[in-house]
Amino acid sequence: MTQTEQLVELQNGVATTTSLQVAETFGKNHRDVLSVIDDLKEGAAENFADLFNDSSYIHPQNKQTYRQVVMNRDGFTLLAMGFTGKKALQFKLRYIQAFNEMQKQLNQQSLPMTNDEKIAVIAQGNVDLRVEVDEVKESLSKLTDEFGLPNKSAGKLRNYGNQRVTWWLGGKNTNAYQEISSKVFAEFWHDFKMYFGGLSSYKDLPMKDIAQAEAYIQNWHPSTNTQAKISELNSQTELEV
């Protein structure tokens, strides 16, 4: 790899360099280069996003993540204006050469394609698209396995569970509902979370288990003691009537 290739990289079709690379090339502390860039932001706020973009890198020794800034040719030009001295001039010339060579490569890639080249690009694009679709499907499958319920599904599950408990209590107008509904609701949700592996919340239920959860709710029943208490309280309702 040549020095030119190290100085400039292609990102999303744009020739770029990084604050870390600039610091290493010009022999400066990376924190000082970042500080200069942050100062530039105050004076070029409207155009800053067109020139600089915050990014990060992983230090090869301690494996920690640190901030760096990616910049295009205009961003580098603005930054390098403040670097003076004979060596700085040499480094600027090297960067100019690197950006020019990268632009030359981009221009060559932009030349009109022959029909055969166009067909090859389209064919490769179709292959890449199929691969990406398969990857998305696999990712979605993993999401349903590993992540909890979205708000809408969680709300439906909560309502379904509450309806089941209310049914066991005999409805909202019964003595049992008035006296011990909070206890029975707590019993149900405790049983539910324990059945599915000790969930911290019913919202943590994986999407893949939603059908199993609905079946569990349909078949759930209070403990024997709780059922006896419900019958006792609701029998009092009948006697009062």
Side-chain angles (χ1 to χ4, degrees), residues 1-114 117-118 120-140 142-143 147:
M1 181 178 289
T2 67
Q3 290 181 327
T4 295
E5 292 172 329
Q6 293 176 351
L7 294 180
V8 178
E9 295 182 355
L10 190 64
Q11 290 193 10
N12 299 321
V14 178
T16 65
T17 189
T18 67
S19 57
L20 182 63
Q21 180 62 62
V22 170
E24 292 177 353
T25 303
F26 283 83
K28 295 181 177 295
N29 190 299
H30 187 215
R31 287 176 303 203
D32 294 336
V33 173
L34 290 175
S35 178
V36 173
I37 293 174
D38 291 337
D39 289 341
L40 290 173
K41 185 175 183 179
E42 297 181 4
E46 295 182 0
N47 301 319
F48 191 82
D50 297 329
L51 307 176
F52 304 96
N53 287 292
D54 266 349
S55 180
S56 62
Y57 71 97
I58 298 177
H59 196 284
Q61 294 181 348
N62 61 22
K63 307 303 180 183
Q64 297 295 312
T65 301
Y66 296 96
R67 177 195 177 205
Q68 69 174 355
V69 175
V70 178
M71 68 198 79
N72 58 19
R73 180 171 188 158
D74 291 341
F76 167 77
T77 301
L78 184 62
L79 172 64
M81 283 181 181
F83 299 161
T84 59
K86 185 176 181 180
K87 288 187 177 180
L89 177 59
Q90 294 175 353
F91 295 144
K92 290 178 188 179
L93 292 174
R94 282 176 53 194
Y95 263 105
I96 291 174
Q97 179 187 1
F99 275 111
N100 286 340
E101 289 188 12
M102 183 64 73
Q103 189 60 51
K104 182 179 179 181
Q105 295 177 24
L106 290 173
N107 291 340
Q108 290 175 346
Q109 294 174 8
S110 301
L111 293 175
M113 293 185 294
T114 65
E117 290 173 335
K118 292 178 181 178
V121 169
I122 292 173
Q124 183 60 45
N126 288 335
V127 172
D128 293 342
L129 180 60
R130 286 195 295 271
V131 172
E132 290 178 4
V133 169
D134 290 341
E135 290 176 350
V136 170
K137 288 181 178 178
E138 183 179 356
S139 297
L140 288 175
K142 289 181 179 179
L143 284 175
F147 290 88

Flag, side chain of Ser55 to backbone of Gln68, donor-acceptor distance under 3.5 Å: no
From CG (Asn100) to CZ (Arg73), nearest 0.5 Å: 4.5 Å
For the student: nearest non-hydrogen atoms of Val33 and Ala23, plus distance: CG2-CB, 3.8 Å
Nearest heavy atoms of Ser56 and Thr65, plus distance in Å: CB-CG2, 3.7 Å
His30 side chain near Tyr66 side chain, heavy-atom distance below 4.5 Å: no
Candidate pair Phe52 and Leu40, rule side-chain contact (heavy atoms from CB on, under 4.5 Å), full reasoning: CA-CA 10 Å; Phe52 304 96; Leu40 290 173; 4.1 Å; yes
Closest heavy-atom pair and its distance - Leu79, Ile37: CD1-CG1, 3.9 Å
Lys/Arg-Asp/Glu bridge criterion (N-O < 4.0 Å) met for Asp38, Arg67: yes
Over all atoms of both residues, closest heavy-atom pair of His59 and Asn62: CB-OD1, 3.0 Å
Tyr95 to Leu7 - nearest heavy-atom pair and separation: CE2-O, 3.7 Å
Heavy-atom closest contact (Met71 atom, Ser19 atom, distance): CE-N, 3.6 Å
Interatomic spacing from CG in Asn53 to CD in Gln11 - rounded to 0.5 Å: 9.0 Å
Interatomic distance, Asp32 atom CG to Phe26 atom CZ [nearest 0.5 angstrom]: 14.0 Å
Contact check, side chains of Asn72 and Leu51, non-hydrogen atoms, under 4.5 Å: yes
